[in-house]
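Chain naming here is simple, since letters A, B, ... match the order of the sequence lines and numbering starts at 1 in each.
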Amino acid sequence: MSLDTLIVIDGNSLIHRAFHAIPLLSNSQGVITNAVYGFTNMILKVLKEQDPGLVAVAFDKGKVTFRHQDFADYKGTRKATPDELRPQFILAKEILKAMRIPYFELEGYEADDLIGTIVNQAEASGLNILILTGDRDALQLVSPKTRVMLTRKGITEIELFDEGKVWDRFGVTPGQIVDLKGLQGDPSDNIPGVPGIGEKTAVALLKDYGSVEGIIEKIEHLPPRFQKLLRGKEDQAILSKKLATIIRDVPMELDLSQCSWRGPDHQRLLEIFKELEFKSLIKQLTSEQGTAKSSREGKKKFESDLPPLETYQAGYQTVTSQEDFDEVLVQASHAGRAAVFLDGVRGKGIRAVYLAVPGQDVYLLTVKPGDDSSHGSLSALKALCENEAIKKYFHDAKDAIWLLHHHGIKLQGLAFDTMVAAYLLNPAASHYDLTDIALEHLGIVLPPEGETAMAARAEAILRLTEELFKKLVQREEDRLFIEVELPLVAVLAEMEMAGVAVDKQELKEISAELHHSTEALAAKIHELAGENFNINSPKQLGQILFDKLKLPVYKKTRTGYSTDAEVLEKLAEEHEIVDLLLQYRQMAKLKSTYADGLAALVDPQTGCLHSTFHQTVTATGRLSSAEPNLQNIPIRLASGRRIRKVFIPRQKGNLILTADYSQIELRILAHMSQDKSFLDAFRQGQDIHTRTASEVFGVPLDQVTPEMRNRAKAVNFGIVYGISDFGLARDLKVSRQEAKSYIENFFARCPGVRHYIDRVIREARERGYVTTLLNRRRYLPELFSKNFNIRNFGERAAMNTPIQGSAADIIKLAMVKISKELKERDFATQMVLQVHDELIFDAPEAEIEPLIVLVRDCMQNALTLDVPLVVDIKLGPNWYETKPI
DNA sequence: CGAATCACG
DNA sequence: ACGTACGTGATTCGG
């Protein structure tokens, strides 16, 4: 803590900087907060780092300053303050009040001048001064006692200027900064300076003559070309200097004791941060509170004279004896429900159990090392979790199931998952941390660490369960949650834990082969290039192709030449290296991502890959798969398809069975649009792409050529994605004109689809969201963007989400049904993977026949549409060799 | 840690 | 006149 340090902040400068550096953020009420967020963030950071004894902020006030009286065009190039920014000044001042930092403004003066005046007085008092600003003009105030912290590009980085640094950077003393500006001018303030004189000249002249006045006085001694530039511009130079000069004697009452800083009013600050939804700042504030206690002495005053932070605290009792465990169980049993927070790490086990029982305290059941589920707290946990009559609420129940599984406990009676519920309420969020959703839905701040914090989490899960369920009911998403998403949690957990068996030997062989192919290809590529370079580096590759070999540049990326497959294919005729590159890329991808990538993740215990299926990631309702991603195993090219050979049944006598929905998205489109042609095609069992070709090209079904069918297929895809002639043209490699005519023909023959698309977009604009067949909801704020591209994106997403999301609804429903049936009927078959429209099973040969009936029935009848749902089933000794039955 | 690239539905 | 398909995850490079 430096009691004799004063920090002076240029409020206007920082807020403007932040406004332009940060994209327009807003809270859920639509209040735009980007500038005030950046401003607050920066101030907090500096206060934390410098820990000053005194702080003050200065703002501009009034439209006309004395500078305008001298020079009407002063700041003439400045644009009016944007509408999004103006209200943020008020917010910033509110925050300053909460931080108990005084701010100054005076009619007719700029922030700079107030800063100059404050600095002058503070220097006289012997204080050390730090000025925080984005405005280089402030550098003129640098002195032995005063330094300037200048924000660099963006706002996160700060550069500290003392006298030496100013000299190093500009070649002048701080006092000469105004002379520099008088000569050079400043376009951003519309200060003219002397035309023709730039930084170099100005610095050289000042070195010799000291100041603008000095130069003018000795104008005769100057080299003729400088004389020419300066003659007649003397007044302009003097005026420019005056405009750039910060005045230091603004007539204001200033008592530096006003500026002494006692730290913020945490409670008020937290209120504002909550209102503005500054989650990261809230976290920062709360965690500082947590650590402040143990930190150095200077912080003590924070504790003594400030109210405690209003974080959410839950009372809790630590339970250790067997009698108490029993008592907790009785209470939970009596209540019929309990929220469970497990403190533990997947794969390592549970450290502690926190139970929130309605009407009771939170209970902490500590787990002693060596405890297992046969005695101690874990046996109580087992009794609780395996009792189906007691409803259990979790946040991220799938993770809990894994943790429980580690201790041999099988969860029964899962009744709520706050993470999944929060996802349904807003599938667009990037994450669903308990802390974040507690803040969003309950308005409480969870403390960051410690037993109290964990107890608070259990309590929060209990309260969130009530709140989120209420919201789901309001949205009519409660059935989707109860009947699909919640039971799916357990299904996914089981799939993950079972994993899919892998032929490690085969994987090794593939890797070795790919090693040889890539090495050989790389050697040839280097030879053709005439030098060795890193083929994996798009930058180096671009230099070889376009600088050295002079191949034509069709496409550039933001950072340089594009070298993607599309570009390389165009260049194939130009140079023989190109085809080798395409092959190399293919092989390298297969090796690193698949052969080696998968091998590294095989569980040595089980010989299986245990992917994680994420249920709260996509905006549309689909699942995603990670570590490894088993939803993008190659199939399109023969070379990659081989990878599927390594996915095998877990034991001898088992087979791989796959079941995929045929054209599910287009069937959903037919159902939702009620388009005559689409309904008819599916009801007749026609090939949908052939049917579309027949419509688009105006020929009978039996005269559709493969070429026509292919183009129609792309049109159908385009419809699902939110078509554009440009995209279709690129995909089909036909002219934009031609693509456009396909689309026009399509809509002419399928008016139901056009009307459907129009309706979806209209409703999305009216309501702000779109829905799926099972009422899954996605908000699309992009529809209201002023940015053309973002708005168009919103419209395409509005068309696509009901289709993609409904397909997700249907397969999820099928998964739940299948899993239930398999269990009830005691099948040994294991569902192992889901790939969006396909399910993969590892099944004993003896079960295949009934399994086919079961799977087909569950999938085709998951939901009744106005067209049939068709499922194709294949069977084989591995995922590669599955054949239609 | 973002950008580029490429694998899937 | 804008610049373009929708939804994901992994690897690699290089600032």
Side-chain angles (χ1 to χ4, degrees), chain A residues 427-428 533-542 555-568 581-582 584-598 600-601 611-614 617-637 639-641 643-644 660-666 669 714-732 736 739 743 770 778 780 782 785-805 807-808 811 833-839:
Chain A
F533 67 101
N534 186 346
I535 309 171
N536 293 325
S537 163
K539 191 179 166 189
Q540 293 181 35
L541 179 58
K555 192 163 74 168
K556 298 195 102 183
T557 66
R558 206 179 310 181
T559 50
Y561 304 119
S562 171
T563 67
D564 65 18
E566 195 189 328
V567 170
L568 294 183
L581 285 169
L582 283 163
Y584 174 88
R585 280 254 176 93
Q586 240 182 60
M587 300 301 150
K589 173 88 175 178
L590 290 177
K591 184 168 191 302
S592 69
T593 303
Y594 298 103
D596 299 344
L598 292 179
L601 290 168
S611 176
T612 303
F613 289 99
H614 292 291
V617 166
T618 71
T620 55
R622 275 189 176 179
L623 299 176
S624 81
S625 157
E627 280 182 291
N629 180 354
L630 295 182
Q631 291 181 323
N632 70 347
I633 302 302
I635 188 167
R636 292 173 188 168
L637 300 172
S639 51
R641 197 170 190 157
I643 296 286
R644 295 188 170 222
D660 69 282
Y661 280 110
S662 163
Q663 305 297 349
I664 189 168
E665 295 195 340
L666 292 172
L669 176 64
V715 172
N716 281 336
F717 267 100
I719 296 297
V720 171
Y721 292 157
I723 199 152
S724 74
D725 52 8
F726 184 93
L728 184 63
R730 185 155 64 74
D731 198 50
L732 281 176
R736 208 164 149 171
I743 295 169
V770 291
R778 176 183 181 181
L780 287 165
E782 294 90 345
S785 168
K786 279 191 216 162
N787 180 308
F788 173 89
N789 291 320
I790 296 175
R791 204 169 57 244
N792 273 359
F793 164 78
E795 290 177 1
R796 291 194 296 269
M799 303 179 220
N800 175 263
T801 299
I803 298 172
Q804 192 183 114
I811 196 165
L833 298 175
Q834 188 253 40
V835 191
H836 310 309
D837 63 355
E838 176 185 24
L839 297 174

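- A straight line from OH of A/Y584 to C1' of C/dT11 spans 12 Å, rounded to a whole angstrom.
- Atoms CZ (A/R791) and P (C/dA1) sit 16 Å apart, rounded to a whole Å.
- For A/L728, the listed nucleotide lying nearest its side chain is C/dA5; candidates were C/dA5, C/dT4, C/dG15.
- Atoms CG (A/L541) and P (C/dG14) sit 11 Å apart, rounded to a whole Å.
- The nearest pair of heavy atoms linking A/R644 to A/I633 is NH2-O, 2.8 Å.
- Using atom P as the reference point in both B/dC8 and C/dG3, the two lie 31 Å apart (nearest Å).
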Please list each protein N or O that sits under 3.5 Å from an N or O in nucleotides 6-9 of chain C, with the distance.
{"from": "C/dC6", "atom 1": "OP1", "to": "A/R796", "atom 2": "NE", "distance (Å)": "2.6"}
{"from": "C/dC6", "atom 1": "OP1", "to": "A/R796", "atom 2": "NH2", "distance (Å)": "2.8"}
{"from": "C/dC6", "atom 1": "O2", "to": "A/Q804", "atom 2": "NE2", "distance (Å)": "3.2"}
{"from": "C/dG7", "atom 1": "OP1", "to": "A/R778", "atom 2": "NH1", "distance (Å)": "3.2"}
{"from": "C/dG7", "atom 1": "OP1", "to": "A/R778", "atom 2": "NH2", "distance (Å)": "2.9"}
{"from": "C/dG7", "atom 1": "O4'", "to": "A/Q804", "atom 2": "OE1", "distance (Å)": "3.3"}
{"from": "C/dG7", "atom 1": "O4'", "to": "A/Q804", "atom 2": "NE2", "distance (Å)": "3.1"}
{"from": "C/dT8", "atom 1": "OP1", "to": "A/A619", "atom 2": "N", "distance (Å)": "2.9"}
{"from": "C/dG9", "atom 1": "OP1", "to": "A/S624", "atom 2": "OG", "distance (Å)": "2.7"}
{"from": "C/dG9", "atom 1": "O4'", "to": "A/N629", "atom 2": "ND2", "distance (Å)": "2.9"}

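- At the heavy-atom level, A/I803 lies nowhere under 4.0 Å from the strands shown.
- Rounded to an integer number of Å, the gap from CD of A/E782 to P of C/dA5 is 15 Å.
- In this structure, CD of A/E795 is placed 13 Å from C1' of C/dC2, rounded to the nearest angstrom.
- Contacts of A/I723 with the nucleic acid, taken as non-hydrogen atoms under 4.0 Å apart, include base atoms.
- Once rounded to the nearest 0.5 Å, the distance linking CG of A/L568 with OH of A/Y584 reads 13.5 Å.
- As a whole-Å value, the separation of A/N789 CG from C/dA1 C1' is 11 Å.
- B/dA7 sits 32 Å from C/dC2 when the C1' atoms are compared, rounded to a whole Å.
- Within the model, atoms CD1 of A/I643 and CG of A/L590 stand 5.5 Å from one another, a figure rounded to the nearest 0.5 Å.
- Here A/A798 lies out of heavy-atom contact (under 4.0 Å) with every strand.
- Remark: the A/R585 side chain and the C/dT12 base include no donor-acceptor N/O pair separated by less than 3.5 Å.
- For C/dT4, the base has a donor-acceptor partner in the side chain of A/S724 [N/O atoms by modelled type, under 3.5 angstrom].
- A/Y561 is linked by a ring-ring contact (aromatic ring centres under 6.0 Å, His included) to A/F546, counting only residues two or more places apart in sequence or in another chain.
- Within the nucleic acid shown, A/A807 has no heavy atom closer than 4.0 Å to any nucleic acid atom.
- Bracketed by its first and final contacts, the part of DNA chain B lying under 4.0 Å from non-hydrogen atoms of chain A reaches from B/dA3 to B/dG9 in 5' to 3' order.
- Taking CG of A/L601 as the reference point, atom CG of A/N629 lies at 11.0 Å (rounded to 0.5 Å).
- Looking at every heavy atom in both residues, A/L630 comes nearest to A/S611 through CD1-CB, 3.8 Å.
- Looking at heavy-atom distances under 4.0 Å, A/E838 makes no contact with the nucleic acid at all.
- On the C1' atoms, B/dG2 is 24 Å away from C/dA5, given to the nearest whole Å.
- Nearest heavy-atom pair across A/S625 and A/Q631 is N-OE1, 3.3 Å.
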What pattern of brackets, bars and dots sums up DNA chain C from 5' to 3', given Watson-Crick or G-U wobble pairs under 3.5 Å, [ ] for crossing pairs and | for another strand?
.....|||||||||.
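- Residue A/K591 places no side-chain N or O under 4.0 Å from the OP1 or OP2 atom of C/dT11.
- A/R585 is linked by a side chain to side chain donor-acceptor pair (under 3.5 Å) to A/T563, counting only residues two or more places apart in sequence or in another chain.
- At a threshold of 4.0 angstrom between heavy atoms, the contacts of A/D731 include nucleobase atoms, whether or not backbone atoms are also involved.
- Residues A/S724 and A/G727 come closest through the heavy atom pair OG-N, 3.0 Å.
- Interatomic distance, CD of A/E838 versus CG of A/L833, reported as 8.5 Å (0.5 Å rounding).
- Partners of A/F613 by ring-ring contact (aromatic ring centres under 6.0 Å, His included), not counting sequence neighbours: none found.
- The CD1-P distance, from A/I643 to C/dA10, rounds to 16 Å in whole Å.
- Of the options A/Q834, A/H836, A/R622, a side chain to side chain contact (heavy atoms under 4.5 Å, CB included) to A/I811 is made by A/Q834 and by none of the others.
- Residue A/F717 places its CZ atom among 12 or fewer non-hydrogen atoms of other residues, nucleotides or ligands, all under 6.0 Å distant.
- OP1 or OP2 of C/dA5 sits under 4.0 Å from a side-chain N or O of A/R730.
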